[in-house]
Amino acid sequence: MSLTLYNSLTGKKEPFTPLHDNRVGMYVCGVTVYDRCHIGHARSLIVFDTLFRYLRHKGYEVTYVRNFTDVDDKIIKRANERGISTKELSEENIACFYEDTDPLGILRPTHEPRATEHIGEIIRLVKTLEEKGVAYEVDGDVYYAVSKFPEYGKLSKKNIEELKSGARIAVDERKKDPLDFALWKASKPGEPAWDSPWGKGRPGWHIECSAMSMSLLGETFDIHGGGKDLIFPHHENEIAQSEAATGKPFVRTWVHNGFVNIRSEKMSKSLGNVLSIQEILDRYHPEVLRAFLLSAHYRSPINFDDTYLESNRVSVERVYKTLQEVDGWLSEAGEVAGSDAELPGEIAELSEEVEAAMDDDLNTPRALGALYPMIHKLHQLYQAEKASGSPNRARVHAVREKVRELGGLFGLFQSEPGAFLETQKGLDKKRISLSPEEIQAKIDLRTAARKARDFKTADAIRDELASQGIILEDGPEGTTWRVK
RNA sequence: GGCGGCAUAGCCAAGUGGUAAGGCGACGGUCUGCAAAACCGUUAUACACCGGUUCGAAUCCGGUUGCCGCCUCCA
């Protein structure tokens with residue numbers, strides 16, 4: 001079986017074949033570090049993290065590059081507002097980036113270049129474009145002449161003439177054409193600046209990705225990804241810059257992820273509904289967020305709503321409850337030898353379905369639709385073996401390991417079950433007003449009442465706690481509680 | 001206005017020519033003093049609407065309606 005990916009450039013799903021035998025070069029547009037990460041960033045990060053994981057699972061040797069844009073208008077503006085340097089601001093936000101995203105289980109890319117560390121390559125690339133006659137300088141600014149690149153619009157399927165007539169941007173008089181875009185900007189006083197053939201200046205918006213991707217991955221590489229919104233103009237411009245400079249195809253497969261909407265509305269600063277990763281992680285274990293974001297196909301829009309997160313929480317929690325039970329039983333017998341026991345037929349089929357789904361343009365909802373039932377089957381198998389006179393632990397162990405392996409494709413089910421459940425429980429407890437001591441006192445009262453067979457009192461206490469979102473569970477070893 | 005996408009059960013979401021995956025919820029059962037949890041089972045004669053192609057369509061074609069995205073910084 002082989003991987004098929006939807007290529008935004010051709011508009012079709014295509015079998016994926018690397019340019020150089022089994023080595024894959026992948027570049028994904030990262031974040032501009034002027035603010036904290038929101039759930040939209042999380043989606044893109046998780047989608048491409050999943051692609052990275054899957055490519056490696058398929059046996060490819062992947063060079064994954066994800067940049068940090070650490071110099072641009074927004075950063076300069078924000079730094080000025082706060083009275084700090086752009087360097088300080090970006091360092092601070094890069095630290096925040098890891099703080100927000102490390103818990104999500106995002107694997108570190110092979111390279112994480114920053115624009116300011118590649119100014120030399122950027123200048124060389126702009127220089128090349130100027131020498132080839134597709135760029136021109138005006139007062140220390142350098143612009144790309146879009147009319148010199150006949151294929152402009154091939155990614156976004158836009159028509160240059162229509163773009164010109166529909167241009168909504170205030171036309172900069174210095175540009176020869178409204179569509180031309182800045183490769184290099186002359187610095188104003190107080191702005192970060194580097195020496196260049198055109199005087200002191202800084203890179204334009206799009207050039208850094210062309211320069212860094214080509215210097216780390218070569219003039220033509222396999223996969224370039226990012227959010228759908230980057231198709232135009234960012235990626236269109238990257239193609240124009242790169243291909244005009246090298247005369248070679250820039251990227252073979254363009255992969256774009258869809259947006260996250262918030263309660264059916266577009267997430268935007270103006271609507272004030274930007275949802276940070278932190279806000280979600282305050283309430284849910286990161287794996288719940290991962291499960292939610294992978295529950296829709298990466299190219300479709302996904303709608304955020306508390307009920308969807310809650311639904312995924314229940315699913316993931318159930319998986320871990322099963323795993324905890326199974327792991328506990330397996331460990332009773334000490335070390336179980338190997339995991340090479342043959343998988344039951346149903347499990348093997350589901351396992352193949354997971355892979356087939358992932359091969360089909362990373363269809364994570366379909367893949368998860370096979371993984372969840374597999375855990376269900378694991379539980380059934382465990383119960384059957386446990387009840388049998390001569391339990392076959394190796395068989396259960398093999399299935400359990402399969403769940404771990406396949407979960408790893410999504411960054412799910414990799415935690416120690418007890419740790420997951422404790423973490424989620426800890427977050428839940430922050431949402432209620434009663435202290436654990438107060439709850440325990442009520443439970444003790446109720447236990448006494450139950451012993452006296454005064455069920456009326458016992459039920460009243462249970463109802464009272466339930467009204468505050470606390471659910472009691474009477475088990476063989478006493479009563480425990482959880483937050484609804 | 002241009003380009004593109006979407007419309008599947010109470011909700012989320014796969015399926016893209018062969019007769020509707022999976023998850024959440026709900027309901028029934030086992031268990032329980034009763035619950036909860038867990039487990040077992042049930043839960044779309046049907047895929048926005050109207051035509052057409054076909055032996056056969058949720059799936060292809062045409063049209064209608066509704067929603068959304070991009071065209072401007074944005075994951």
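Reminder, nothing fancy here: chain letters follow the sequence lines and each chain counts from 1.
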**Q.** Under 4.0 Å protein heavy-atom contacts per nucleotide of nucleotides 31-41 of chain B, with B for base, S for backbone only and - for none
**A.** --BBBBSSSS-
Q: Describe the nucleic acid contact of Pro373(A) in one word from base, sugar-phosphate, nothing, applying a heavy-atom distance below 4.0 Å.
A: sugar-phosphate
(Q) Suppose you measure atom P in C31(B) against the same atom in A46(B); what distance do you get, rounded to whole Å? (A) 38 Å
Q: Write down the distance between CZ (Arg299(A)) and P (C70(B)), rounded to a whole number of angstrom.
A: 18 Å
Q) On a whole-Å scale, what distance lies between the P atoms belonging to A48(B) and A57(B)? A) 15 Å
Q) Can you tell me if Asn392(A) uses its side chain to pair, donor with acceptor, with the backbone of Arg395(A) under 3.5 Å? A) yes
Q. Just checking, is any N or O donor in the side chain of Glu325(A) or His379(A) under 3.5 Å from an acceptor N or O on the other one?
A. yes
Q.
Parallel, tilted or perpendicular: which one describes the rings of Phe292(A) and Phe304(A), with boundaries at 30° and 60°?
A. perpendicular
Q. Hey, does Lys266(A) reach any base, or is it just sugar-phosphate, or nothing, if we go heavy atoms under 4.0 Å?
A. base
Q) So which of Thr364(A), Thr50(A), Asn257(A), Asp361(A) actually passes side-chain hydrogen bond (donor to acceptor under 3.5 Å, both in side chains) with Tyr298(A)? A) Asp361(A)
Q) Between residues 98-112 of chain A and RNA chain B, which residues have a heavy-atom gap below 4.0 Å? A) none
Q: Please work out whether the ring planes of His57(A) and Tyr54(A) are parallel, tilted or perpendicular, with thresholds of 30° and 60°.
A: parallel
Q) Could Arg393(A) and Glu332(A) be called an ion pair, given the rule that one side-chain N must be under 4.0 Å from one carboxylate O? A) yes
Q) In whole angstrom, what separates Asn312(A)'s CG from C11(B)'s C1'? A) 12 Å
Q.
At 4.0 Å (heavy atoms only), tell me whether Leu371(A) reaches a base, stays on the sugar-phosphate, or touches nothing.
A. nothing
**Q.** Aromatic centroids of His38(A) and His41(A) separated by under 6.0 Å
**A.** yes
Q.
Whether the side chain of Glu14(A) engages the backbone of Tyr6(A) through a donor-acceptor N/O pair (distance < 3.5 Å, no angle test) should be reported.
A. no
Q | Glu346(A) CD to A21(B) P, straight-line distance once rounded to whole Å | A | 16 Å
**Q.** Separation of C73(B) P from Ile76(A) CD1 (nearest whole Å)
**A.** 16 Å
Q) With a 4.0 Å cut-off on heavy atoms, is Val47(A) in touch with a base, just the backbone sugar-phosphate, or nothing at all? A) nothing
Q. Can you find a side chain N or O atom of Tyr372(A) that sits less than 4.0 Å from OP1 or OP2 on G22(B)?
A. no
Q) If we take the P atom in both A14(B) and G4(B), what is their distance in whole Å? A) 22 Å
Q: Run the salt-bridge test on Asp459(A) and Arg446(A) with the 4.0 Å N-O cut-off and return the result as yes or no.
A: no
Q. Between Trp184(A) and Arg202(A), is there a cation-pi geometry (under 6.0 Å to ring centre, at most 45° from the normal)?
A. no
(Q) Return whichever of Tyr308(A) or Lys74(A) has its heavy-atom-nearest nucleotide of RNA chain B closer to the 5' end. (A) Tyr308(A)
Protein-nucleic acid N or O pairs under 3.5 Å, nucleotides 15-18 of chain B:
{"residue": "G15(B)", "atom": "OP1", "partner": "Asn363(A)", "partner atom": "ND2", "Å": "2.8"}

Q: Sticking with atom C1', work out how far G29(B) lies from U64(B), rounded to a whole angstrom.
A: 48 Å
**Q.** Nearest-angstrom distance, C1' atom, A20(B) to A13(B)
**A.** 13 Å
Q) What integer distance in Å separates Ile302(A):CD1 from C11(B):C1'? A) 14 Å
Q: For RNA chain B, just give me the dot-bracket, please: Watson-Crick or G-U, both distances below 3.5 Å, ( ) intra-strand, [ ] crossing earlier pairs, | paired with another strand, . unpaired.
A: ((((((((.[[[..)..(...]]]((((((.......))))))....[[[[[..)....]]]]])))))))....
Q: May I ask you to establish whether Arg53(A) and Phe48(A) are in a cation-pi arrangement, using a distance under 6.0 Å from NZ or CZ to the six-membered ring centre and at most 45° from the ring axis?
A: no
Q: Using the P atom on both, measure C70(B) against U59(B) and round to a whole Å.
A: 28 Å
Q. What integer number of Å spans the C1' atoms of A58(B) and C6(B)?
A. 14 Å
Q.
If I take atom CZ in residue Arg263(A) and atom P in nucleotide C68(B), what distance separates them, rounded to the nearest angstrom?
A. 18 Å
Q) Centres of the Tyr64(A) and Tyr27(A) rings: under 6.0 Å? A) no
Q) What distance, rounded to whole Å, do you find between the two P atoms, one in C40(B) and one in G63(B)? A) 49 Å
Q: Examine the side chains of Ser264(A) and Asn303(A) and answer whether a donor and an acceptor come within less than 3.5 Å of each other.
A: yes
(Q) From CG of Leu230(A) over to P of C71(B), roughly how many Å is that when rounded to an integer? (A) 10 Å
Q | 5'-most by nearest nucleotide on RNA chain B - Pro301(A) or Ser311(A) | A | Pro301(A)
Q | Pairs involving residues 273-284 of chain A, ordered by first then second residue, that meet salt bridge (charged side-chain N to carboxylate O under 4.0 Å, His left out) (sequence neighbours left out) | A | Arg283(A)-Asp306(A)
Q) Quick one: is the NZ or CZ of Lys158(A) closer than 6.0 Å to the six-membered ring centre of Phe232(A), and within 45° of its axis? A) yes
Q. In chain order, what residues pass the side chain to side chain contact (heavy atoms under 4.5 Å, CB included) check against Lys402(A), with sequence neighbours excluded?
A. Leu343(A), Ser351(A), Met374(A), Glu405(A), Leu406(A)
Q. At under 4.0 Å between heavy atoms, what does Phe292(A) touch on the DNA or RNA strands: base, sugar-phosphate, or nothing?
A. nothing
Q) Within this structure, what is the CG-to-C1' distance between Asp305(A) and G25(B), rounded to whole angstrom? A) 14 Å
(Q) By the 4.0 Å heavy-atom rule, please label Gly227(A) as base, sugar-phosphate, or nothing. (A) sugar-phosphate
